[in-house]
Amino acid sequence: ETGVTQTPRHLVMGMTNKKSLKCEQHLGHNAMYWYKQSAKKPLELMFVYNFKEQTENNSVPSRFSPECPNSSHLFLHLHTLQPEDSALYLCASSQDLGGVTEAFFGQGTRLTVV
Amino acid sequence: GQQVMQIPQYQHVQEGEDFTTYCNSSTTLSNIQWYKQRPGGHPVFLIQLVKSGEVKKQKRLTFQFGEAKKNSSLHITATQTTDVGTYFCAVTDSWGKFQFGAGTQVVVTP
């Protein structure tokens, strides 16, 4: 248990569905991240929030929409996804951006788009 | 963003053998971290290196930061089946965000 909780753990959705991924951390961290991990590809940084403010949108398609209502919660809203969006979506948090800090990952949501 | 190259991409190891995986950057790094992801799991932090030439050990794992702070290595001695997984190096870019290498996937044969 890393202190970062993601729900759901598995999700199957159709291309016309709307769903949301949730991430929660009670580590008192100020920075939260969404990463996408596809088979045989590196971890891709999608979004970064620092003190609830989005600091990075790494050229992510608009069908992915993040939301950070407070420092402890992060959502990823999904809409009209494509089969190639099937992947493991990992949430992470760290004390702050930069400096000497480590990332704590959640267990991920395995997403399958059909 | 800052790029780090990891080699090899795959590593097949006989149980009991040693192996090394490398992480290289074209720019000087402020620090480097290593993570391990077990099959079906999520990345877990192993260690952080900050100082030039730093060497840290965790049981059978030895982590080294190059003198020029442009490369790092992870050496595992007497590999065990529990060492199976993907090992990532990660750096923080100039904006403080984590950028991960592609990882070295380690398979151990008994």
Side-chain angles (χ1 to χ4, degrees), chain A residues 1-7 9-10 21 23 25 27 29-51 53-60 66 87-111, chain B residues 1-11 21-25 29-52 54 56 58 63 65 69 72 85-107:
Chain A
E1 182 58 52
T2 65
V4 180
T5 304
Q6 287 187 245
T7 54
R9 293 290 307 278
H10 301 272
L21 310 185
C23 177
Q25 60 92 4
L27 300 170
H29 289 171
N30 298 313
M32 296 187 77
Y33 313 78
W34 279 117
Y35 285 89
K36 175 183 177 183
Q37 188 174 41
S38 306
K40 304 192 187 302
K41 283 189 177 181
L43 280 161
E44 299 173 52
L45 179 63
M46 299 176 72
F47 300 105
V48 182
Y49 279 82
N50 192 37
F51 290 97
E53 298 297 320
Q54 186 174 317
T55 64
E56 177 93 1
N57 176 344
N58 222 16
S59 303
V60 180
L88 180 67
Y89 288 85
L90 289 160
C91 172
S93 71
S94 63
Q95 185 61 57
D96 294 294
L97 283 183
V100 184
T101 182
E102 67 192 75
F104 291 78
F105 282 85
Q107 293 177 306
T109 295
R110 175 70 61 185
L111 174 68
Chain B
Q2 212 156 30
Q3 299 281 340
V4 285
M5 300 294 293
Q6 271 191 265
I7 51 171
Q9 190 176 0
Y10 299 100
Q11 180 80 58
T21 177
Y22 301 89
C23 187
N24 300 310
S25 170
L29 304 170
S30 58
N31 63 77
I32 194 161
Q33 301 180 352
W34 286 90
Y35 292 76
K36 178 183 178 181
Q37 185 175 18
R38 294 181 187 275
H42 57 279
V44 175
F45 174 79
L46 293 176
I47 206 119
Q48 178 163 253
L49 304 170
V50 180
K51 299 176 184 176
S52 167
E54 188 171 15
K56 288 188 177 180
Q58 287 181 351
F63 303 85
F65 205 5
K69 299 181 73 174
S72 180
T86 302
Y87 294 83
F88 296 95
C89 61
V91 300
T92 48
D93 63 20
S94 50
W95 293 273
K97 298 182 293 295
F98 295 96
Q99 301 288 353
F100 285 81
T104 294
Q105 185 178 348
V106 176
V107 176

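Chain letters run A, B, ... following the sequence lines, proteins first and then strands; every chain starts at 1.
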- Message: Before we go on, tell me: are the rings of A:F105 and B:F88 under 6.0 Å apart, centre to centre?
- Response: no
- Task: Identify the two heavy atoms, one from B:G101 and one from A:P42, that lie closest to each other, and give their separation to 0.1 Å.
- Result: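 Heavy-atom minimum between the residues: O-CB, 4.2 Å.
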- Measuring heavy-atom distances to chain A, does B:Q37 have an atom under 4.5 Å in its side chain, in its backbone, in both, or in neither?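 Just its side chain gets close to chain A.
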- Note on the structure: Per-residue tally against chain B (heavy atom, under 4.5 Å) across A:Q37, A:E102, A:E44 peaks at A:E102
- Message: As an exercise: rank A:G108, A:S94, A:A103, A:A31 by heavy-atom pairs under 4.5 Å with chain B and give me the winner.
- Response: A:A103
- Matching residue for B:F98 among A:V48, A:T101, A:L43 - test: side chain to side chain contact (heavy atoms under 4.5 Å, CB included):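 So the option named by the test is A:T101.
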- Query: Which residues pass the salt bridge (charged side-chain N to carboxylate O under 4.0 Å, His left out) test with A:K41, sequence neighbours left out?
  - Reply: none
